[in-house]
A.B. asks: 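Below are the structure tokens for one structure; questions will follow.
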Amino acid sequence: MGGRRTFVDLEVISQSAKKVKEQLSRRPVLCLSGVTKALALFLANGKKGVTSMLTYTVRRVFSLIPVLFGMTLIVFAIIHAIPGNPAQVILGQRATQESIALVTKELGLDRPWYIQYFDYINKLLHGDLGTSLRTRGPINEEIWPFLAATFELTLVAMFIAIIIGVNAGIISAWFSKSWFDYFAMLLALIGVSMPIFWLGLMMQWGFANELGLFPTTGRENVRDPVNSITNLYLIDTLLQGRFDQFATVVKHLVLPSFALATIPMAIIARMTRATMLEVMKSDYIRTARAKGLRMFWVVYKHSLKNAVIPVLTVIGLQTGLLLGGAILTETIFGWPGIGRYLYDAILYRDYPVIQSGILIIAAIFVLINLIVDLLYVFVDPRIKYTK
Amino acid sequence: MSNKPILQIKDLKVSFQSGKKFVPAVDGISFELNEGEILGIVGESGSGKSVTSLTTMRLIPSPPGKIENGEIIFEGKDLKNISEKEWRKIRGNQISMIFQEPMTSLNPLFTIGNQLMEAIRLHTDFSKAQARVRSIELLKLVGIPRAEGILSEYPHQLSGGMRQRIMIAMAMACNPRVLIADEPTTALDVTIQAQILALMKDLNKKTNTSIILITHDLGVVAEICERVIVMYSGKIVEQGDVRTILKNPQHPYTIGLLKSVPDLRGKKDRLYSIPGNIPAPGTLHKGCRFAARCSEVFGRCKDESPELYKMKNDGHEVRCFLHTLKEGSDEHVGVTS
């Protein structure tokens, strides 16, 4: 009797265990989306459009966490796969075995890799990027001015590239097969294929040396340095009301930003033209024309919005590339940006700096991707917030 | 219904560039649209129906399209030589158009309200609020329930029938004198087709807007049109009163078209179809264009191109040599074109 009862109990238990197991097997998938679902429910009381956009954003931001973790792992693995002992590099060629062993221990490099990794992550989460081997300074403080310099240059260059590139593409598509179209697309072809170091040198020779319009290199007048607050000199000078300095900063920006803008500008112009041509064949453009709408609005309202998504993708990718530091441009124009900083770090085998630099650039890329994705939703109502 | 013509097309010839040659898509057609009338233009794909309608709106892409000849007279004014600016005042305001593809004819990225109000405010000096009121009025006119809610929706949230209703509302926004409907029901399912046709007929009655209905469906023509033009290979082959055309067609092509309408009672096993295909534009240089497919073809058809002959019935015209053979060819009153 008792045995039978136990049997029944076991059956019940095993059944309920199965249920739990089933639920558990679903749970890991739902784990993350569960959080956002709760959030969505919480937010659903407000305005529908705004909150669904918000939950989408929140979900996308959360989904970045595993990506960022993956990135740290890859960067860590690459750096550790590189042959050569940092201790050796620090101490130089003639270091003795004992001193190398000592420094290795001091740097914590004798510990197993996973301990090193967790130590690295732990520091990272506390905002500590480590110490530069070269300068012995904390990287998170050191890297910022370089990052800001690149940021400023990139923003200005992309602004130029977008304004000129998009408009050239639009007008080329609008008046396709006109002389403007042929001329603009020829320029775009030249822009894509021109070696940037050569273009940079020619600009320096022409506009700086011969015409004397702009300074050749640097970010500021060395004799009258900018008192930096944010390290974005355009903002710093304005904040301090130093309009004379602002003017020199702008002058310094002109040549490198135009040199840097050529390739993105050309790519954006070609992409805009191609998608605009496609869009302008569609039925709704004919409808807009049949309404009696001015061609300008047909092009700049009805066509452009439909053509903008592929262009946005290109803009995002190009911005990411430029933010990664355009080593050639930064070197030619003596721009103290992240590209130069990393280039120097590589020369000196400054592993922690390289590691942090790669990580930051990768993170920026991921972030820009996120922004572009969010912009898609903003542009096209057919792209759903869910999933 | 008055017989005052509101729109006259005279000897219109439109060609498209193909390689170095210009190939005629519409070859010398003339017709009139009377005030308050519903005129059907019927023909197979490639017969030049859509080109005719797009030309009337001056929406032919050019190049490759080119208006070689002809006049378009709207309310007594020749539209051929007016500027693009003046055209914009006519398009969507006095002559408006709805298209075959309701699924793709609305811009997917703007709300219905935005697109409707745009059409209204283009030709009036309404404020945004006034345009909104007018939009709701229009949506109700075309039979859309919950008109206010739909203003903030996007085209992809609506069905094909709803979208076509919105297209019609948009076309009717400024009370046009002429509405050109280019196969408005082709992409819709049958019940929706009937609704849209009823709506158009209703609008025609209420607002006295003249309608040109372009279709390849004779059933649609029978349903709402008063007069019919049958086009073949860029030319008008027969035109007349809808009753005459349906009951007593004279051109072998029209007869063939009528035979190939499926009979709901299903008496026939196999649906009739006219043998052959419409000739590619620019491939025929002499003779009747329909000769190669015609069951009644005889010697003369291969060499001479027939004129439009007037028949006994008022306004009935046929481009065929056949009826000149018929006994009592006194039916043949004269040559019109």
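Below, chain A is the first sequence line, B the second, and so on; all start at residue 1. Quick caveat: nothing in here was measured; it's all calculated off a predicted structure.
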A.B. asks: Would you confirm whether B/N107, through its side chain, and A/H302, through its main-chain N or O, come within 3.5 Å as a donor-acceptor pair?
C.D. replies: yes

A.B. asks: Does A/F151, at its CZ atom, have more than 12 non-hydrogen atoms belonging to other residues, nucleotides or ligands within less than 6.0 Å?
C.D. replies: no

A.B. asks: Pick from B/R88, B/Q100, B/K89, B/K85: which one has the most heavy-atom pairs with chain A under 4.5 Å?
C.D. replies: B/R88

A.B. asks: More than 12 non-hydrogen atoms from neighbouring residues, nucleotides or ligands closer than 6.0 Å to CH2 on A/W297, yes or no?
C.D. replies: no

A.B. asks: Rounded to the nearest 0.5 Å, how far does CG of B/L109 lie from CZ of A/R382?
C.D. replies: 5.5 Å

A.B. asks: Taking side chain as everything from C-beta outward and backbone as N, CA, C, O, which of these in A/K177 sits under 4.5 Å from a heavy atom of chain B? Side chain, backbone, both or neither.
C.D. replies: neither

A.B. asks: In Å, rounded to the nearest 0.5 Å, how long is the span from CD of B/Q115 to NZ of A/K291?
C.D. replies: 5.0 Å

A.B. asks: Measure the spacing between CD of B/E118 and CG of A/L293 and express it to the nearest 0.5 Å.
C.D. replies: 4.5 Å

A.B. asks: Distance from B/F110 atom CZ to A/K301 atom NZ, nearest 0.5 Å?
C.D. replies: 5.0 Å

A.B. asks: With a 4.5 angstrom heavy-atom cut-off, which part of A/I285 approaches chain B: side chain, backbone, both or neither?
C.D. replies: neither

A.B. asks: Determine whether more than 12 heavy atoms belonging to other residues, nucleotides or ligands lie under 6.0 Å from atom CZ of A/F378.
C.D. replies: no

A.B. asks: For B/L59, is it the side chain, the backbone, both, or neither that has a heavy atom closer than 4.5 Å to a heavy atom of chain A?
C.D. replies: both

A.B. asks: Check whether any side-chain heavy atom of B/P108 lies under 4.5 Å from a side-chain heavy atom of A/N306, and answer yes or no.
C.D. replies: yes

A.B. asks: Is it the case that atom CZ in A/F180 sees more than 12 heavy atoms from other parts of the structure closer than 6.0 Å?
C.D. replies: yes

A.B. asks: What are the two closest non-hydrogen atoms of A/R289 and B/R58, and how far apart are they?
C.D. replies: NH2-O, 4.4 Å

A.B. asks: Can you tell me which of B/A119, B/C174, B/S105, B/P176 forms the most heavy-atom pairs within a distance under 4.5 Å of chain A?
C.D. replies: B/S105

A.B. asks: Is it true that, when you exclude A/F258 itself, more than 12 heavy atoms of the residues, nucleotides or ligands shown sit nearer than 6.0 Å to its CZ?
C.D. replies: no

A.B. asks: Using a 4.5 Å heavy-atom cutoff, which residues in residues 131-169 of chain B come close to chain A?
C.D. replies: B/Y154, B/H156, B/M167

A.B. asks: Is it the backbone or the side chain of B/I90 that comes under 4.5 Å from a heavy atom of chain A, or both, or neither?
C.D. replies: neither

A.B. asks: Mind checking the CE-CZ spacing from B/M97 to A/R286? Nearest 0.5 Å is all I need.
C.D. replies: 6.5 Å

A.B. asks: Could you tell me whether the side chain of B/F99 reaches within less than 4.5 Å of the side chain of A/D283, counting heavy atoms only?
C.D. replies: no

A.B. asks: Quick one: of B/N114, B/I95, B/T111, who has the most non-hydrogen atom pairs under 4.5 Å with chain A?
C.D. replies: B/N114

